Each structure stands twice: as C-alpha cells, then as structure tokens.
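The structure under discussion appears below in the form of structure tokens.
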Amino acid sequence: DTTGRRKSSVDIQRHPTDKAYFIAKEILMTERTYKKDLEVINLWFRDEVSKEDSMPEETLTLLFSHIDPLYELHAAFLKDIEQRMATWEGRGNAHLEGDYRKIGDVILKNLNQNTMEHYCRYIDTHLIVLDKLEQTIHKDTKFEQVYRDFEMQKVCYLPLTTLLLKPLHRVLHYQLLLERLLNHYGSGHHDYTDTNMALSKVRTIIKKLSTKLKESENLVKLMELQRDLVGYDNLVQAGREFVREGCLQKLSRKGYQQRMFFLFSDLLLYANRTTTPGLQFRVHGQLAVPDLQVVDSEPRMGADFCFNIYDGKRALMVAAASQGEKLQWMEDIAETVQYARERGLDSPTNKYLSLKSMSGSDDGLDRSEMQDIRPADSRPSGQRSNSSVHVCWHRATSVAIMDHQRALENQLSGYLLRKFKNSNGWQKLWVVFTNFCLYFYKTFQDDFPLASLPLLGYSVDVPSQSDDISKDYVFKLQFKNHVYFFRAESQFTFDRWMEVLSSATRSPVNTTVVNGIH
C-alpha cells in the first residue's frame, strides 16, 4: 500500500496517532535543537576562548553566567521529555501503572521557581549582554578575531547573536504548543490542569518579554549587518531601527548595476559585494531619511519596475525585480520618511563624512578607498553565506523587519525524508528550520549540519499531478528549476512544516530572479 495510511493494530500501539502525541513530539524534537543551540555558546565557544590568552574576562563571565543556568535546566528538561516520550511509545517503563500519554505535567514540573527566575533574569539583562559583546568586539581586536573565527566554524551554524535570542523565542514556541495542546484536550482531559498551569507560567515570562523582544531582534539585526558591511562603522546606534534590506538595480553611467539597499529609520545605505572571499558588502552611498523623496518612474532602459529616490542633492534611479518589490520599497521609504519627520529627526550635518565615494566614484571604482578593508574580508564564508544579505543578493529579493521577526519566531526540527526531482530514493535526514533556512543533519546528535538550503525566493506547495509522487504527507519546495520533495510522518507534522515554511517562503511578490543559488 503506497499511501502509507493503513496501519495494523500493532503499529497503532507502537506509533500513537493522537494529536497530543505529535504536539509532545514537536516539543521533544525542538528541545533537542534548543539544547544544542545553547551548547554552541556554553560549550563550544567557551572552549574556544579558554584556549586564548588575554580574553575580555568581564564580558565572557557576563555571557556565560546567563547561558549556563539555562543550559543546565534544559539538559535536565530534555532528559525528562525523552523519558516520557519513550514511555508513551511503549519503549521503556511500559510496566508503569497509570496513563503516561501526556506531557503537561512534565513541562509544569520543569517550569519551577528556579527556571522562572533564570528566564526572568535573562529577559532583564540579555540586552546588556548583547551590548557588552558589541562594545568588546568594537574595541578588542584580538577578541574580535577569535569571535569571528569561531563564527566561521561549522558548529556555529548561526551567528552567536542570533543564538543569544534563542531563549526568548523558545518561550514563544512553548506558548504556541501548549495553547494547541489545550485546544485539543478540552477541559475534561486528565492533563488539562497541568498544561493550563504550565501555559500560565509561560505567559508570565512572555508578559515580561513582550516589551523587549522587538528591541532585541532589532539590535541583533544591526549587529549582524555591521558584520556584513564594510565602510560604515557605527551602524549600531541607539534609536536606529532596521526597516528593509534587499537587492535593487541602480542606474549608473554604465547602465544598471546590482546593489544591496539597507533602509533604517534614519538612513538609507547602498552597497556592492566585495570581490574578496569574506563575502562582505562595501557601502558606496548613504542618504539621510528625513531628506528623502520617493517618486514613481516609467520603465527605462529595459527595466520595468523603476522608481527614483531623491535627497535634495541628487537622484538615484533604481529598478526592482517585480512590481510587488517596487511597491514594498516605495511604501517603506515613504512611511519611514514620514515617521522620521513626525519625530523631528534632523538630517545629520556630517551625513557624508564616513564615505569618500559620493562623487564620480559613486560605484566604488576609486581604488584609494579600498585600503581600509580589514583582514576579516579574506576569511572563508562559513555560515555567513546563508545570511539574509547574501540570499537577497543572489535571489534578487528583499526582506523587511516583519519577515525577520517571523523567521526568528517560527522554528521547527524533526526527521523528514528528502527526495530530489530526478532521483527515486528518499533519504532520511534530521532537519532544522530557522532564520529563513533549512539545515540538514544525518541525526539529531550531529554537531553540525551537512548542508543548508536558504529558502528566500522558494515556494512551498504540495506536489502536482505531473510530479508523480504517490506518498502521503509530501510537500514540495521550488525555486526556478530547483525542486525538492520532503515527506513528513503524519498529517500533524506535515501541517506544521507547511505552516512554518510558508512563513519564510511566503512572499507577497512574484519575484523574477536575476541569478540564483541553491
């Protein structure tokens, strides 16, 4: 039977099909990833800095004293969940009396006073940790080198700053799953009371978190862009908010040239990719937001989706990859300008101070400005090639702050079967979805991913008739002629993958792509 829907009674016992089981299983699968994420900082990074002399002790003590207690708590929590799921599946302790097909009691037990205090402390002070880290990287070149080198290692599959946000996003994930569990149970269920109490504890933490989360996500975004940009030194500023980043074609004397544009609450930057292996972008121009005017334009020189940006001194003529992209940019710029003017944001007097390339060498062809490229440029790419800046560049698309927040807050892990378009076999992989990207591992115990697939620009759908897929619970990811099929184990798991993946791939625009990576 190819549908995979018929099960013998033995199978049903061995593989429960109750929705509560699959929700509990998602908690287990994502808990494994969460523990590993904390491990990258608490074990791997700690090990790296311990090998070095004269490391900034104060910064590192602050960092590890916040992560270590959470790591210890979750190592114990994970053991409890692993044990409960084994019992639920009839694999261990099957002789125990009572109904162990529940998870709320395990979560409640682990959300004790100690856990609550550590989370509340982390929420209170994680911004101080991030801030201290940023300052130390800025002034301690040796530490910066160690930090950047560590980020290039395979085990550090996400920037450290993103990993530092994981405890905040984990709490949101618990809330989502506990709410779904309660809805499924109904108030008469024997696990309802424990689950409800666990949820109210999670909500207490989230209430504390809600005012800080957006600020933290914004700070991390600025810190990561600072790493990816050369030629603009003080990107991380109090009050500066990230709005949108993306790829536009900019008209110059030589015709259209691909550029990355970065819109902030007070500033619009544009940059070109450097030719060095470090995969950074060199800033070529900056415009102060309060001075900006954005004006629609007719198609010109073979580009359809054109608009102009003025700052009172000069005009930038740009083209987007689609009508949808063009409208998003124009709306975002206009709204940001209006917001800046309402707040009485003045245009800085020294607005061109940090750049030398504002005149004829507008496109960075003036060789003299190349001398301040730092050695960081020449390092291998590591996980940096998955950062949204690079994916936007290759897939000619753009990403707004809302997309970033959605991508950080929607996470999933679990086993899937993967098949390529032209192959027959399905390969079982441990798959982690976070930050617009799928990471593939052989098993959940592996220290680092075998491969990754950035999803910006991809569509997610069910296979079509012509795909000739006869299995259940299959979804299809496609970007131009790159096609992957993934098979989930149940309707619930399939629905969850579709839900989170559409949050990263769901693009309100049909992007026609200039050049592609896969």
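Just so it is clear, the model here is predicted, and its values are computed rather than measured.
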Non-neighbouring partners of Asp131 that pass side chain to side chain contact (heavy atoms under 4.5 Å, CB included), sequence neighbours left out = Gln135
ask   = Which residues pass the side chain to side chain contact (heavy atoms under 4.5 Å, CB included) test with Gln237, sequence neighbours left out?
value = Asn234, Arg240
ask   = Is the closest side-chain donor-acceptor distance between Thr434 and Lys166 under 3.5 Å?
value = yes
task = If a pair satisfies salt bridge (charged side-chain N to carboxylate O under 4.0 Å, His left out) and one of its residues is in residues 57-72, list it, with sequence neighbours excluded.
result = Arg46-Asp68, Glu58-Lys132
task = Would you check if there is a donor-acceptor pair between the side chains of Gln153 and Glu48 at a distance under 3.5 Å?
result = yes
ask   = Can Glu31 and Tyr174 be counted as having a side-chain donor-acceptor contact under 3.5 angstrom?
value = yes
ask   = At their closest point, which heavy atom of Val171 faces which heavy atom of Val202, and how far apart are they?
value = O-CG1, 3.5 Å
key: Phe448 atom CZ: more than 12 heavy-atom contacts under 6.0 Å   = no
query = Is the closest side-chain donor-acceptor distance between His138 and Gln226 under 3.5 Å?
reply = no
query = Going by atom types alone, do Lys476 and Ser459 pair a side-chain donor with an acceptor below 3.5 Å?
reply = no
inquiry  = As a test of understanding, state which of Phe143, Tyr157, Phe45 forms a ring pair (Phe, Tyr, Trp, His ring centres under 6.0 Å) with Phe150.
reply    = Phe45
task = Would you please name every residue forming a salt bridge (Lys or Arg N to Asp or Glu O under 4.0 Å) with Lys212, sequence neighbours left out?
result = Asp124
request  = Mind checking salt bridge (Lys or Arg N to Asp or Glu O under 4.0 Å) for Glu52 and listing every partner two or more places apart, or none if nothing turns up?
outcome  = Lys142
query = Mind checking what makes side chain to side chain donor-acceptor pair (under 3.5 Å) contact with Asp461, not counting sequence neighbours?
reply = none
key: Partner residues of Glu224 under the salt bridge (Lys or Arg N to Asp or Glu O under 4.0 Å) criterion, sequence neighbours left out   = none
Which residues share a salt bridge (Lys or Arg N to Asp or Glu O under 4.0 Å) with Lys201, sequence neighbours left out = none
Pair Glu245, Ser398: side-chain N/O donor-acceptor within cut-off below 3.5 Å = no
query = Is the count of non-hydrogen atoms from other residues, nucleotides or ligands lying under 6.0 Å from Lys442 atom NZ greater than 12?
reply = no
inquiry  = Show, in sequence, the C-alpha distance, side-chain angles and deciding distance for Phe420 and Tyr484, and conclude whether the ring-ring contact (aromatic ring centres under 6.0 Å, His included) test is met.
reply    = CA-CA 5 Å; Phe420 299 112; Tyr484 302 91; 5.8 Å; yes
query = Any luck finding a side-chain donor-acceptor pair between Arg282 and Asn272 under 3.5 Å?
reply = no
task = Could you list the residues that satisfy side chain to side chain donor-acceptor pair (under 3.5 Å) with Arg180, not counting sequence neighbours?
result = Glu499
request  = Report the residues that fulfil side chain to side chain contact (heavy atoms under 4.5 Å, CB included) with Glu215, sequence neighbours left out, ordered by chain and then residue number.
outcome  = Leu127
Atom pair OG1/NZ of Thr30 and Lys35 - distance to nearest 0.5 Å = 14.0 Å
inquiry  = Arg273: which residues meet the side chain to side chain contact (heavy atoms under 4.5 Å, CB included) condition with it, sequence neighbours left out?
reply    = Leu279, Phe281, Trp393, His394
His404 ring center near Phe436 ring center (under 6.0 Å) = yes
ask   = Of all residues at least two apart in sequence or in a different chain, which pass the side chain to side chain donor-acceptor pair (under 3.5 Å) check with Asp447?
value = none
